[in-house]
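To start, the structure itself, in structure tokens.
Worth knowing before you read on, the calculation uses all heavy atoms, side chains too, and leaves out hydrogens, waters and symmetry mates. Order of the sequence lines sets the chain letters (A, B, ...), proteins ahead of strands, with each chain counted from 1. Model, not experiment: these values are computed from the prediction.
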Amino acid sequence: MTANDEKEQLEKLRAAIRHHAYLYYVQDAPEISDAEYDALFERLQKLEAQHPQWVTPDSPTQRVGGEPQAQFVKVRHPSPVLSLASAVSEAEVRAWYDRIARLLPSSYRPQFVVEPKIDGLTVVLHYEDGVFALGATRGDGDVGEDITANLRTVPSVPLRIPLPSDGHAAPSRLVVRGEAYMRISDLKELNRAQVEKGEKTFANPRNAAAGGLRQLDPAVTASRRIRLWVYSIISSSGPVPRTQWEVLQYLRQLGFPVNQDAALHDDLDSALAYAERWMAGRDDLPYEADGVVFKVNDLTIQEDLGVVGKDPRGMLAFKFAPRQATTRLKELGINVGRTGTLNPFAILEPVELGGVTIERATLHNFEDIARKDIRVGDIVVVKRAGDVIPQVERPLVELRTGAETVITLPKECPVCHSPAVKSEGEVAVYCVNPACPAQAVQRIIHWAAVMGIDGFGERLAQLFVDRGLLHDLADLYFLRPEDILALPGFAEKSTQNLLDSISASKTRPLPRLLAALGIRGIGDVVAEVLSHHVSSVDELGRATAEQLQQIPGVGPVNAANIVDFFASEQARRILAKLKRGGVRMEGEAPRAAATGPLSGKAFVITGTLPSLSREQATQLVTSNGGKVVDTVSKKVDFLLLGENPGSKLAKAEELGIPTLSEGQLRAMLQAPTGDGTRQGGSL
DNA sequence: CACCCTCGAGTTCC
DNA sequence: CTCGAGGGTG
């Protein structure tokens with residue numbers, strides 16, 4: 001074989017390998033087996049080894065290797081690489097549309113391209129004379145980092161723009177923007193390998209791709225199975241299509257990998273419908289997406305619309321509200337409850353979920369932690385219960401590195417360092433010190449909330465305790481204006497408001513008072529029942545356990561809790577102080593349950609009512625003889641239904657409980673005699 | 001004694 | 001909202 005023959009064969013091999021790599025990585029439709037591909041590749045390597053002078057930078061063999069770099073060089077982008085404004089609801093997308101429509105000629109109806117928003121790392125690729133010359137991260141949008149050596153190892157990054165099939169000539173200079181990402185399956189594999197090597201695992205594909213591309217040693221990047229999708233042209237020496245849709249076709253023709261799920265729509269409704277449909281199937285995608293991007297198709301219009309900050313007006317990310325996220329559990333925190341319970345919570349690496357950044361989440365209790373085997377350092381799945389309260393669902397055990405630490409029961413209270421105890425057969429762990437300052441703060445907050453001292457929450461309670469102004473809840477009634485005024489954030493007016501609010505709390509109905517004391521196991525409902533059997537706090541204090549157990553809803557445990565409470569030195573002191581402070585400790589005139597058209601009926605309120613606050617609605621129901629309870633159960637007669645109801649509605653439907661609107665409730669009150677309601681017996 | 005139903009307690013973020 | 005557990009019932 002002559003040298004010329006060999007050179008020709010070498011070129012053919014390269015072309016064949018490029019072709020098959022393109023089919024495999026870009027089209028995802030290989031025509032030959034992996035083994036056949038490997039054979040071609042080995043043959044090329046051998047030829048190049050024999051003729052090093054023929055090795056070119058765009059040869060498929062040049063994807064691997066390269067010298068590790070000392071650091072990344074900064075690269076200025078030819079024009080700013082913009083970011084995206086985002087929306088989390090259809091309403092926000094429509095609001096965006098309304099904003100841009102006002103800037104457009106009134107007769108103009110924009111088309112939209114909807115593209116998946118890939119969870120990856122934005123990269124900028126430069127081609128000189130059709131050859132991959134420079135690749136950079138987005139950085140701050142103006143300046144990124146040169147990661148050319150690493151991007152060369154990514155198989156779907158064309159090292160040379162494949163010759164287009166339809167006669168288009170590749171421009172001599174072309175800069176494109178794309179997203180480097182990992183498939184979910186590849187990430188899993190990578191994490192498995194990381195665990196074996198005892199190295200750090202990745203919580204999501206974006207971190208893995210970003211970590212992979214920011215390796216100083218390209219050989220490491222090469223092992224990461226990173227992929228690419230390209231979706232826009234940043235600059236070109238040749239003609240550029242005038243619409244986004246044509247840009248995607250053009251990039252595809254040039255041989256770049258372009259996501260297949262992009263779609264062109266003639267109006268916003270159609271685009272939104274497509275987006276919703278596509279998002280619904282997101283769990284089945286091989287890659288992670290965090291939403292879609294809406295782009296005004298006409299690029300001239302996009303330019304005319306301009307930029308706000310770094311966000312082009314002509315584009316919008318429509319993110320789906322994820323129901324869960326994964327992040328690292330950095331540390332274990334412990335809260336002290338009002339009753340002395342030590343409650344574990346997770347301190348997390350901040351993660352966005354449903355439009356808010358989550359930094360903490362409840363871990364419920366230590367048994368739950370043990371059952372789920374949650375450890376400090378774990379990557380955990382976090383979700384928001386009822387779309388509000390973050391909780392740690394489970395650890396991703398397969399992502400463990402061995403550096404995680406098992407969570408054990410606390411030995412002592414994190415605040416007062418008294419011993420922590422767990423009684424047999426009980427889940428909760430308690431701080432044994434009744435004088436624990438953390439408990440005092442919680443009891444004060446509870447008192448203030450139940451007695452209706454507005455605006456006195458955790459922050460203030462903590463502040464007042466720290467400053468030595470409050471040692472227990474009864475001290476509230478001995479606060480002096482000058483002490484409050486000296487505190488940060490308080491002036492004349494706010495001081496007076498607080499004092500007025502405290503003063504107003506001195507005369508509350510007996511059930512409020514009983515609930516506010518914070519006796520373990522005694523909440524709103526039991527306090528209400530108790531108030532029908534005693535006329536004052538003192539009378540309750542004199543009751544024996546046997547007497548208390550006669551009261552419905554009070555069993556041996558609650559009876560003992562009540563007796564123990566009144567026997568404690570601390571409680572006696574506080575009760576005496578409350579009396580001195582002028583707090584009324586008796587009920588009003590002997591009370592019988594109010595009677596009226598709603599007698600004997602139990603209501604649950606859900607959602608926002610048109611004209612009544614929750615408190616007003618409760619008042620309205622109780623003053624007409626009805627009862628308002630918090631949870632839907634078989635004993636509930638009606639669900640009072642407002643706007644945006646929560647899960648109570650589903651529960652009520654399940655139990656076949658009728659719902660009422662505020663209007664229907666009012667109509668029931670108007671009715672001369674209820675609808676055959678039995679008169680609730682007064683106790 | 002084994003269930004079922006309700007209540008209490010604690011929870012996060014804006 | 002969720003879970004544990006108290007209280008009542010069969």
Checklist line | Candidate nucleotides dT2(C), dG6(C), dA5(C), ranked by approach to the side chain of Glu426(A) - the nearest | finding: dA5(C)
Notebook entry, point to check: Which nucleotide, dG7(C), dC3(C), dC13(B), lies nearest any side-chain atom of Arg360(A)?
Noted result: dC13(B)
Note to self: For dG7(C) and Asn558(A) - does any side-chain N or O of the residue sit under 4.0 Å from the phosphate oxygens OP1/OP2?
What the structure shows: yes
Checklist line | Protein-nucleotide distance (Glu458(A), atom CD; dT12(B), atom P), rounded to Å | finding: 9 Å
Check: Could you state the CD1-C1' distance from Ile551(A) to dG7(C), rounded to the nearest angstrom?
Finding: 14 Å
Check: Which nucleotide, dG4(C), dT11(B), dG7(C), lies nearest any side-chain atom of Val427(A)?
Finding: dG4(C)
Next item on the list: Answer yes or no: does a side-chain N or O of Asn343(A) lie under 4.0 Å from OP1 or OP2 of dA9(B)?
Entry: no
Check: If you take all heavy atoms of Tyr477(A) and Ile502(A), which pair is closest and at what distance?
Finding: CE2-O, 3.4 Å
Next item on the list: Rounded off to whole Å, could you give me the CG-to-P distance for the Asp524(A) and dG8(B) pair?
Entry: 7 Å
Notebook entry, point to check: Within this structure, what is the CG-to-C1' distance between Asn365(A) and dG10(B), rounded to whole angstrom?
Noted result: 11 Å
Margin query: Counting only heavy atoms and a strict 4.0 angstrom limit, can you tell me which residues of residues 326-342 of chain A come near DNA chain B?
Written below: Asn335(A), Gly337(A), Arg338(A), Thr339(A), Thr341(A)
Next item on the list: Take atom CD of Glu393(A) and atom C1' of dC3(C), then tell me their distance rounded to the nearest Å.
Entry: 14 Å
Check: Quick one: which of dC13(B), dC7(B), dT12(B) gets closest to the side chain of Glu359(A)?
Finding: dC13(B)
Notebook entry, point to check: Rounding to a whole Å, what distance do you find between Leu363(A):CG and dA9(B):C1'?
Noted result: 17 Å
Next item on the list: Fit a plane to each ring of Phe318(A) and Phe294(A), take the angle between them on a 0 to 90° scale, and name the class: parallel (under 30°), tilted (30 to 60°) or perpendicular (over 60°).
Entry: tilted
Note to self: A quick test of your reading: do over 12 heavy atoms of other residues, nucleotides or ligands sit less than 6.0 Å from CZ of Arg394(A)?
What the structure shows: no
Item checked: Asp524(A) and Arg512(A), any side-chain heavy atoms less than 4.5 Å apart -> yes
Item checked: Ion pair Lys372(A)/Asp368(A), N-O distance below 4.0 Å -> yes
Item checked: d(CD, Gln549(A); P, dG7(C)) in whole Å -> 8 Å
Margin query: Once you apply a heavy-atom cut-off of 4.0 Å, does Asp368(A) come out as touching a base, just sugar-phosphate, or nothing?
Written below: nothing
Margin query: Between Arg443(A) and Asp472(A), does any side-chain N to carboxylate O distance fall below 4.0 Å?
Written below: no
Note to self: Just the rounded figure in Å: distance from C1' of dA5(C) to CD1 of Ile522(A).
What the structure shows: 13 Å
Margin query: Looking at Lys422(A) and Glu426(A), is any side-chain nitrogen of the basic one under 4.0 Å from a carboxylate oxygen of the acidic one?
Written below: no
